Amino acid sequence: MITFSSFPAPPQDNYTFGVQQSPGLDNDVEMDLNLDDDEFESSGRRLTYPGEAITSSQAFMRGHGTYVDHEEVIASVSGTVERVNKLISVRAIRTRYNPEVGDLIVGRITEVQPRRWKVDANSRQDAVLMLSSVNLPGGVQRRKLESDELQMRTFFEEGDLLVAEVQAFFADGAMSLHTRSLKYGKLRNGQLVTVPPALIRRLKSHFLTLPCGVDLILGLNGYIWISKHVKQSEQEGEEGFDAEAVYSNRNDEIDDATRSAVSRVSNIIRVLATHFVPLTDSILLNAYEWAVEQEGDVKDLLQEDIVRCVLLCNNDNSVYEV
Amino acid sequence: MSSRVEILNDGGYRSDGRKQYELRDIVIDLSQRGTADGSASITHGLTEVLVEVFGPREAKVRAQTMHDRALINVEVNIVPFSTGERRKRSRGDKRILELGSTIKSTFEPVVQTSLYPRSEIDIFVHVLQQDGGLLQASINASTLALISAGIPLHDFVCAVTGGVHSTAPMLDLTTLEENDIPHVTVAVMPKTKKVTLVTMETRLHVDRFGDIFKLACEAGQVIHKEMKRAVSERTQKLVTAMEMGPRVVPSADVGDRDAMIDDLNDY
């Protein structure tokens, strides 16, 4: 499913149902799925819609996006059918973020409650950030005193943006976050862009630095933070690192060049997102280089004819890349 | 009949030139609107309804949250210019509240709410133009908006209005016809052939009910076909767009992509 332009694209037939991967799988079962596969075989995927029967429940297990009725596995969302051995699931093409442990997300504080913050993370419920799962400034150990419960608003206030990791789930499916790394914490010096979560793939690192002096944080929940580049020497625990600035509410000085770079990148992301193009660093860079070459105004990027060029320039570049 | 307009003339045509069982034109638009998770607009002839769906998301009113399933919240907004005589309805209008609660109870058995405990799904219905079949259009548009928001449903819900003129049953009534003849709105789930809503505001002879009901169920299948096509097209386009991004293609395809991007602009 995941393809990076820097890697050769995997052969398409990896995802057709005809490929037998489990030696234990019954041949009859195989036939069953292939019955109505003619139209899907060529493109390597099968699309479905709510209420469509996918296969019989005798031979397959139902996964997300499906339900069983009269011994049939039926799709409940519209999207692509995925199969792992005997598990059939349907991935909705456009939906809210489904959290998984270890995901990096960008969120916004919506509420301060006793010993916890509520965080909007574009998911089905607000996430929870416990006071015990944040780093205190200067890395001091928290002593469980009432005084720091009363000081919670000095760390995060309603409306603050933060980057965090999904730590665990509660019984009702709500997620619990943590910011116990120097990379995580409050966000400053930048701009937030929201895209559909499906467009953000899992990457090795979700902290990108573009050569134009812009840092990107691609939250898996579809929230993207675009900010001024922070020098290596001022990051996490190095000499110039200012521990007190971690929870600061003040932006640093940002020069005009950086400001236009940030807004150019954010406009490019918006353009790509409206056309449902998944985001990768190489696509962003191609588009950025193209945008700089055009010497147009930053806001012109959102005009219809230029939008088309942004998309096309990417295709051309990727053709020449390999 | 004492009506001023002829509902059904001798040639078997209705006032807008349709036959008895003929449905009006259906136009479906599933393009993305603003920050909504899913949105759809549907046009049945001159009736136009736009629905936006938000969620599942954190419930706004904590007292209303349910620990085992999601709350469905429907709000209807009828714009003042939607009818011939311009008239502003307040939000607390009883008719609007009733319409909202009808839509809500139609979808409660269809949406798999148990997957989203403590959440809320908001359905905002905007009626832009009215020419009969308000409920049917609202339900159809809500189905499409829920699907485009990726909310799990057991099936589509397809609604249609049926009426009877003396003994002749008719489908998909306009305002003119709704004012004159008894009618009933039926919402069906086409796959399982279950009915999630039957409602009428006028009195209808019991002998006629069976015919109209059956007819409306069949018409639901026709509407289902249209809705299914729109949904499949949208899914296809989005999936294609997603694959278009990072994959490297031979340069010969670039021309085709131009055309593809043209198509994509609607989505």
Side-chain angles (χ1 to χ4, degrees), chain A residues 2-5 8-9 45 47-53 64-67 69-70 74 76-80 92-96 110 118 120 122-126 172-174 194 196 198-199 201 272 274-280 282-283 304 307-308 311-312 314-316 318-322, chain B residues 32 35 37-38 55-59 67-68 70 110-112 115-121 143 146-156 189-192 224 227-228 231-232 234-251 253-254 257-258 261-262 264-265 267:
Chain A
I2 305 167
T3 52
F4 300 97
S5 57
R45 61 188 141 70
L47 303 180
T48 186
Y49 51 84
E52 190 190 36
H64 290 297
T66 61
Y67 67 96
D69 189 32
H70 289 98
I74 298 172
S76 62
V77 294
S78 130
T80 48
I93 186 73
R94 212 192 147 110
T95 176
R96 290 230 149 195
T110 56
K118 281 290 182 105
D120 161 39
N122 199 23
S123 182
R124 53 182 181 254
Q125 281 172 71
D126 280 359
D172 62 356
T194 311
L199 298 184
R201 268 76 189 278
L272 294 174
T274 47
H275 291 266
F276 226 68
V277 178
L279 300 173
T280 61
S282 59
I283 282 192
E304 195 50 42
V307 163
R308 209 162 294 180
L311 293 171
L312 278 177
N314 254 308
N315 292 328
D316 293 344
S318 53
V319 170
Y320 296 131
E321 231 173 39
V322 174
Chain B
Q32 198 56 37
T35 55
D37 287 296
R57 62 179 178 185
E58 181 84 5
H67 299 283
D68 55 342
V110 184
V111 178
Q112 297 182 339
L115 296 177
Y116 301 111
R118 290 165 189 267
S119 307
E120 176 176 309
I121 297 169
T143 309
L146 285 167
I147 290 172
S148 70
I151 292 170
L153 305 179
H154 282 109
D155 200 351
F156 281 76
M189 293 161 74
K191 169 86 174 130
T192 46
H224 176 234
M227 289 162 77
K228 202 169 74 181
V231 167
S232 306
R234 170 182 178 270
T235 318
Q236 180 72 51
K237 276 192 176 138
L238 290 184
V239 169
T240 321
M242 276 193 71
E243 287 175 352
M244 195 168 90
R247 183 160 295 160
V248 179
V249 290
S251 47
D253 278 10
V254 172
R257 282 178 174 219
D258 213 356
I261 289 165
D262 278 340
L264 269 173
N265 288 330
Y267 284 82

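Computed from a prediction, not measured in an experiment: that's the story for all the values here. Labels below follow one simple rule: chain letters A, B, ... track the order of the sequence lines, proteins then strands, and each chain is numbered from 1.
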Run the salt bridge (Lys or Arg N to Asp or Glu O under 4.0 Å) test against B:Lys191 and tell me which residues pass, sequence neighbours left out. none
Checked A:Pro196, A:Gly51, A:Gly79 vs chain B; the most non-hydrogen pairs under 4.5 Å come from A:Gly51
Using a 4.5 angstrom heavy-atom cutoff, name the option from A:Ile93, A:Asn122, A:Asp120, A:Thr194 with the most pairs to chain B. A:Ile93
For B:Glu120, which atoms come within 4.5 Å of any heavy atom of chain A: side chain, backbone, both, or neither? neither
The interface call for B:Thr143 against chain A, heavy-atom contacts under 4.5 Å, is neither
Do [X] and [Y] come within less than 4.5 Å of each other through their side chains, counting heavy atoms only?
X        : Y        : answer
A:Asp172 : B:His67  : no
A:Val77  : B:Ile151 : no
A:Pro50  : B:Asp155 : no
A:Leu47  : B:Gln236 : yes
B:Arg57  : A:Arg124 : no

Keeping B:Glu58 on the side-chain end and A:Gln125 on the backbone end, is there a donor-acceptor pair under 3.5 Å? no
Mind checking the [atom1]-[atom2] spacing from [X] to [Y]? Nearest 0.5 Å is all I need.
X        : Y        : atom1 : atom2 : result
B:Leu146 : A:Ser78  : CG    : OG    : 12.0 Å
A:His70  : B:Thr192 : NE2   : OG1   : 9.0 Å
B:Thr235 : A:Arg94  : OG1   : CZ    : 12.5 Å

Compare every heavy atom of [Y] with every heavy atom of [X], then report the nearest pair and how far apart it is.
X        : Y        : result
A:Pro278 : B:Ala241 : CD-O, 4.1 Å
A:Arg96  : B:Pro56  : CD-O, 3.2 Å
A:Tyr49  : B:Val231 : CB-CG1, 4.3 Å

Do the side chains of B:Lys228 and A:Glu52 get close enough for a salt bridge, i.e. N-O under 4.0 angstrom? no
As a quick check of understanding, evaluate side-chain contact (heavy atoms from CB on, under 4.5 Å) for B:Met242 and A:Leu199, giving each step before the final call. CA-CA 7 Å; B:Met242 276 193 71; A:Leu199 298 184; 4.2 Å; yes
Please walk me through it: do A:Ser76 and B:Gln112 pass side-chain contact (heavy atoms from CB on, under 4.5 Å)? CA-CA 9 Å; A:Ser76 62; B:Gln112 297 182 339; 3.7 Å; yes
